[in-house]
2 protein chains.
Amino acid sequence: MTFPALNVFTPNALSGGFDGRDEDASVHDQVYEALATLLIQGQIPPGKSVSLRTLASGLGVSPMPVREAVRRLIAQKALELQPSNKRLRVPSLSEDRLKQLMMARQWVEPELAFRAVAAMTRDTIAELKADDQRLMAALTKGDVDGYMQANHAFHFRIYRLAQADLFLDMAKTLWLQSGPFMRVVFGRLGTVQLPQDHHQELIRAFESGDAAAVRQHMSDDVHEGMELMLEALKR
Amino acid sequence: MTFPALNVFTPNALSGGFDGRDEDASVHDQVYEALATLLIQGQIPPGKSVSLRTLASGLGVSPMPVREAVRRLIAQKALELQPSNKRLRVPSLSEDRLKQLMMARQWVEPELAFRAVAAMTRDTIAELKADDQRLMAALTKGDVDGYMQANHAFHFRIYRLAQADLFLDMAKTLWLQSGPFMRVVFGRLGTVQLPQDHHQELIRAFESGDAAAVRQHMSDDVHEGMELMLEALKR
DNA sequence: GCCTCGAAAATGTGATCACAAAACAGCGGA
DNA sequence: TCCGCTGTTTTGTGATCACATTTTCGAGGC
């Protein structure tokens, strides 16, 4: 399998990020957002080693802001410095670590969804439906990257509504850590076997304002996705 | 009230950290450990603004490794850049954020304690008892800083045993965020009114290998401490 | 064809410089 | 005594340089 990896970098590719508003953000922040998006959507495979200068020239900036962005990502365990080399790398997941990730995600993400119920609007529900349609379209096209992106958009559109910064950050960190491996697993399985997610039920629960159901469906959704990864890891 | 703050910096004060092993660690890591310890033990008050160059000269290094350490701490929300100024500061806690901190700590720390039961040894229990004695001694002496330090040592001696890196990192991040405010509250209350913690019960539960009791007592301990902070914040 | 070795390139780390923006101190005036 | 202005200092940010270590890779020998 080949990864698009860092070819996405056209000179001055800085403007990506998940939500497009950057305006006067510092270079450091733009670099961070760019890298974080790549990682969350799994466009850099686990074990892949990256380098400051390569990233920097790929993004058209000096190594300095990249160093700070990378430091941040290391703090979130989205990147790691191998102790032998001191060289930069996307971490691989052990079974133990994956289980912890699953537990943490299953704790924080249902809570976020629960809190989002009160703030949910008709407009956001429409956007969620659009996300879900993009997701289904990607599935039928066999477009794993499209699936990753739409799934990410769907979930964090909900989480942002929860008005719970700390929990939101925790969720981001957890996604940063699971993204690369998730992409590998889903890519290996192919879109046909991808989990029958619970997005439809989630949307319906949001529409009826049933907070308990929202929590439950989000829990199921996270559980199913992570369970798939766990099985893949054991083989 | 006065804070010892950064006067603790003697030229080349780098060697602190919580556990003393630094040997060949990079300057960046040493700076990070030094700052993290200061923050966790609340030796820098919330709202206090710090500066890269001040920290750097206080630690006897160039601003460069400090920048990276600070970036890391910002990622953990142990420091923040105020958006107006772009100036560096120890964050203050809103009631909302404090509640999230409490929920997160009450989820992750009992889990860590639970997992530590299997790995607990007679030696570690002895060390825990020593920590608790230092804690009690600090209480009777009215030594708030000593209390903070002993409490930190006690808890993370347990958490390190759990062999759960991800959860351990989450706990560290949460302590980094609560440390400064906790120090203020406990300092204001005075050591006399400090929570009657559950360390004794915890130790007994560890001795008898009762994992369920360990989880429960840790939950109570965290709850009581955070509840105290919550009440203080409301006033 | 395969291995070994050594020069060249690349990497992370730390220090230093340059610059614009913000904070600060001190002075003059009301 | 208090307010407002101005020149100085301090701040974060980004770029560049220097250096030790590691990786890479191609030439030479078997």
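A, B, ... follow the sequence lines: proteins, then strands. Residue 1 opens every chain. Please read all numbers here as calculations on a predicted model, not as lab measurements.
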State the CZ-CD distance between A:Phe156 and A:Glu109, to the nearest 0.5 angstrom.
6.0 Å
Taking B:Arg72 first and then B:Asp29, would you say they form a salt bridge - that is, a charged N and a carboxylate O separated by under 4.0 Å?
yes
Return the polar atom pairs (N/O with N/O) between nucleotides 7-10 of chain D and the protein under 3.5 Å, or none.
none

Would you mind reading off the distance between A:Leu81 atom CG and D:dT21 atom P, rounded to a whole angstrom?
17 Å
A:Leu161 to A:Met120 - nearest heavy-atom pair and separation
CD2-CA, 3.6 Å
Using chain B heavy atoms and a threshold of under 4.0 Å, write down where along DNA chain C the contacts begin and end, 5' to 3'.
C:dG14 to C:dA23
Mind running side-chain hydrogen bond (donor to acceptor under 3.5 Å, both in side chains) on A:Tyr159 and A:His155 for me, showing each step along the way?
CA-CA 6 Å; A:Tyr159 302 157; A:His155 278 261; 2.9 Å; yes
Give a yes or no on whether a salt bridge exists between A:Glu111 and A:Arg115, defined as a side-chain N under 4.0 angstrom from a carboxylate O.
yes
Could you please spell out the steps behind the side-chain hydrogen bond (donor to acceptor under 3.5 Å, both in side chains) verdict for A:Gln76 and A:Trp175?
CA-CA 10 Å; A:Gln76 298 177 298; A:Trp175 277 63; over 6 Å; no
How close or far is atom C1' of D:dT13 from atom CG of A:Asp29, stated in whole angstroms?
11 Å
Identify whether the distance between the nearest side-chain nitrogen and carboxylate oxygen of A:Asp145 and A:Arg183 falls below 4.0 Å.
yes
Assuming nearest nucleotide by heavy-atom distance, tell me which of B:Pro65 and B:Asn85 is located more 5' along DNA chain C.
B:Pro65
Distance, rounded to the nearest Å, where B:Leu88 contributes CG and D:dT13 contributes C1':
13 Å
Do the non-hydrogen side-chain atoms of B:Asp131 and B:Arg134 ever get within less than 4.5 Å of each other?
yes
